[in-house]
Amino acid sequence: MNEITPLMAQYRRIKRQYHDCILLFRVGDFYETFYEDAVEVSRILNIALTTRDKKKKNPVPLAGVPFHAAENYVTRLIASGKKVAVCEQVEDPAQAKGLVKREVVEVLTPGTSMNAQLLEEREDNFCLSICLEGGHAGIAAVDVSTGDFFTGEAPLEDLHHLVQGKRVKEILAAPDFDKRVLTPLAEALGNPYLTESPEEDFTGDRVFEALRTQFGEDASEMAGELAPLEQRASGALLRHCHSLRNGRLPQVVRIRKLAEVSFLGMDDETIGNLELFQPLRGGVKSATLIETIDRTQTAMGGREIRKWLQKPLLSVELIDGRLQAVEELMRNTRLLETLSGILKGISDMPRIAARIAARKAIPREFHALRESLEKLPALIEALGDADVPLLRVISNHLDDHGNMVKMLDAAIVPDPPGHLREGGVIKKGFSPELDELIEANETAKRWVASLEKRERERTRIGSLKVGYNKVFGYYIEVSKANIPSVPPDYIPKQTLVNSERYFTAQLKEKEQMILETEEKRVDCEQKVFEELCEKVASRTHRLQTTSHAVAQLDVLLSLAIIAKLYGYRRPAVDATMEIEITSGRHPVLERIGAEPFVPNDLFLHPDRKQFALITGPNMSGKSTFLRQVALIVILAQMGSFVPAERARIGLVDKIFTRVGASDRLSRGESTFLVEMNETANILNNMTDRSLVLLDEIGRGTSTYDGLSIAWAVTEYLLQGVKARPRTLFATHFHDLTQLKAAYSRLFNLKITIKEWEGGIIFLRKIVPGTSDKSYGIHAARIAGLPSIVLKRAEEILHSLELRRSLLSQGVDLSNQSTTQYKLFGGPKTELPEEQEAPQEPDHDTLRDLKEFDIDRSSPLEALQFIKRLKDRLDK
Ligand SMILES: Nc1ncnc2c1ncn2[C@@H]1O[C@H](COP(=O)(O)OP(=O)(O)OP(=O)(O)O)[C@@H](O)[C@H]1O
Ligand SMILES: [Mg+2]
């Protein structure tokens, strides 16, 4: 056994308390890590792993980083998903008797960071706490970088809706939290860092204790406005944050309820499929709606426009309010230019305010805050003429913060240093005490500075010098030759080879003065700075309100700018059930597409035109059209103008998409299962007001299974068993177009092409009618499939078509299965032997499918049913 030094014993004691963290242990000018932490840290940070007590039998692994560069290293540790505890020396080592006292002063996790390097400027950074009871979920979410705090409660199945669009970096839950809920939620949120909090933190007294610590006297009133599950989630969340920071979060001054405004629902699949924020796999980064519409000038505006896009509104009145403001800004070019000029100079106020409140701000941020606040009067004045309700509201929230500007102006020097360590931050005239200390310090320094001249005159030693060194302090230096002329009041201090150094009683006194005032000055400046933080912090709420107003204005300006730039038009949003779009365009594709974009029209009406079945060759633009309709609806309901000549949108409550085949192999689900899951989700959750976009359902299985499912789904949507949502269905199953005869609400659309010299030209115009061919082989040719494969595919296609036409004329081919291969004529082109022949329809299967009652079956039963069918077909 190794003998343990007192330092290592101290380390182990603290590490035991913070066993789930990387412990950064301050030793002098370094943060050290030991044992397994050291191994991990050296790997993550790519720094040297050494050992302590090398000579002993079991040397301790060690890796350290210099304290002044720690922020950067901590950032990287957290970014790689670690929880980091920072342990400081909490007493002056010079004063300490024995071992220096050390304490953990801060614990950092990905979801609770205020570190500017870790935060994305235009993204929120939420830590989300959840608790469940009786089929309901309560959540609380805090962004400590801004002080935003939200709560919400909903039935469990709406949990996803509750967190829609929140950028969550950390989830907090009790250890025995239902994994069946947690796992998919975490996955949908991009697998954030997971923190387990003890069950007790979510219950009883502890909850109120945490609320009281945070909100003091206001706690019971605030708690009263929360549902029980919201209270519990909030309590645990606050306790977690308090424990990380050794105290309350001064930047959190209010709680907002999520459910206050209802909004257009989109699940994660839909947000992903529509490429609102992220391009689909392999897409270029700029190919998203947010990149297209975000022209905001401020960081908080950048975050706000993301919120608007994540949560389009459901109230005609609120939408109209925004549209009206955008129109005003668009019409009034001068106002637009003035406002956007002013916004350019405004920094990230809410994050600065939060950092000041949490005592994390550096002097420069005060300066940035002042410069931003100084812009407010101009903003208010510019908005003075705008006679639009929403702009009025914004203007009213733009308090000019005149007193704070005055205070900051008087307090902080114009170009403050990055940190407070060496002082020089507080302006002269702000604190008489500080001024006195500075004055005394400078007077003494001036006295020393002029000493040389005075002493030369007095002693007549021309080479006499006054100097300073760190060890001996101030001295008067006289060369050996001049020593006889030294006056009697000189006291020897140090002897050098060629000279002698002296001091005088007065010089000693001044030196003392300089040192003392220097020390006091730093302390005093620290105190004044803290008082200043306190004063700014007491106005956190008002600063947050102003910042929010600036952010909203910024978003409205951005929407006006893109509307002007791209020729968008104001949509009419109303409470009808219709959607009418004239010459609509895809907002992203029209910007980055290789060919000029061809606009298209659409008219949906619940009685006459509820269901558009869209056919057209591969690559003709079906998926594009589906997406463009959804994007226009989303833009309109977020209050933006839209890429169309005219658009009338009857409010949409939810958008569902079933697009392409996305594998989620990580969850062990096959392509087909995912597709069916998504379809089931749509059929179970849609309402009459929903917009459903189906892009080729039934593709991930055999043709007949696929067609049957697509057929049944279509009928279900048209019959309105659960609801009759407005639907766009793009498909290659041309048989479906026959459904028109049975359902008057279905209408067929096709995408036009022109055949030309053996190939086809895409015209991209959408017109009534049905397309009869898929031209898949044409697309395959464009994609560069070997010509031998293309040729053979053409042969097979021809035979299949022939067979189909025979069947439709009533020719009995039931005995042909063994001779099928012959019917196809065998490969004229050389192909490998095991070419699989297409199968003929299995009538039993079709019958079973027809009889299967989707309404009375659970998704699981449906799946089992499909599996039975498949097994039968595979036999
Ligand atoms: N209206 C349009 N104007 C100009 N280009 C378009 C238009 N619609 C689509 N395109 C172009 O055609 C490409 C293919 O479109 P899209 O993916 O929508 O075809 P699709 O019919 O869904 O094909 P598939 O059947 O293979 O899924 C798009 O990436 C785009 O470049
Ligand atoms: Mg497509």
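The structure displayed is predicted, hence computed values, not measured ones. As a basis for the values below, the full set of heavy atoms in this structure was taken, side chains included, without hydrogen atoms, waters or symmetry mates. Remember, it's 1-based here, ligands and their atoms both numbered in the order they're listed.
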- Query: How are the rings of F597 and H586 set to each other: parallel, tilted or perpendicular (split at 30° and 60°)?
  - Reply: tilted
Nearest heavy atom to [atom] wins, so pick from [options].
| atom | options | answer |
| --- | --- | --- |
| atom 13 (C) of ligand 1 | M619, K622, Q628 | M619 |
| atom 15 (O) of ligand 1 | T624, D695, L626 | T624 |
| atom 26 (O) of ligand 1 | I766, T731, N618, L763 | N618 |

- Which is it for H586 and ligand 1 at heavy atoms under 4.0 Å: side chain, backbone, both or neither? neither
- Can you tell which part of P596 has a heavy atom less than 4.0 Å from ligand 1: side chain, backbone, both or neither? backbone
- Carboxylate-amine/guanidinium proximity below 4.0 Å for R726 and D688: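 No, this pair does not count.
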- Message: I'd like to know if E291 and K285 make a salt bridge, using a cut-off of under 4.0 Å between side-chain N and carboxylate O.
- Response: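 Result for this pair is yes, salt bridge flagged.
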- Query: Regarding K609 and the six-membered ring of F747, is the cationic atom NZ or CZ under 6.0 Å from the ring centre and inside 45° of its axis?
  - Reply: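 Yes, cation above the ring, under 6.0 Å and within 45°.
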- Item | Verdict with reasoning, L556 to Q324, per side-chain contact (heavy atoms from CB on, under 4.5 Å) | CA-CA 10 Å; L556 291 169; Q324 203 184 357; over 6 Å; no
- Is the side chain of K564 donor-acceptor paired with the backbone N or O of T333 at a distance under 3.5 Å, no angle test?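 Not at all, since once roles are kept as given, no pair shorter than 3.5 Å links the two residues.
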- Query: Checking N600 side chain against G584 main chain: does a donor-acceptor pair fall under 3.5 Å?
  - Reply: no
- Query: Of the non-hydrogen atoms in R122 and R303, which two are nearest, and what is the gap between them?
  - Reply: C-CG, 3.4 Å
- Message: I'd like to know: is the Mg ion (ligand 2) within the 2.8 Å range of an N/O/S atom from S623, strictly under that distance?
- Response: yes
Could you tell me which atoms of ligand 1, counted from 1 in the order shown, lie closer than 4.0 angstrom to a heavy atom of [X]?
| X | result |
| --- | --- |
| P617 | 21 (O) |
| E696 | 25 (O), 27 (O) |
| S623 | 18 (O), 20 (P), 22 (O), 27 (O) |
| L589 | 30 (C) |
| H732 | 25 (O) |

- Is V598 close to ligand 1, meaning an N/O of one under 3.5 Å from an N/O of the other?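 Yes, there is a polar N/O contact under 3.5 Å.
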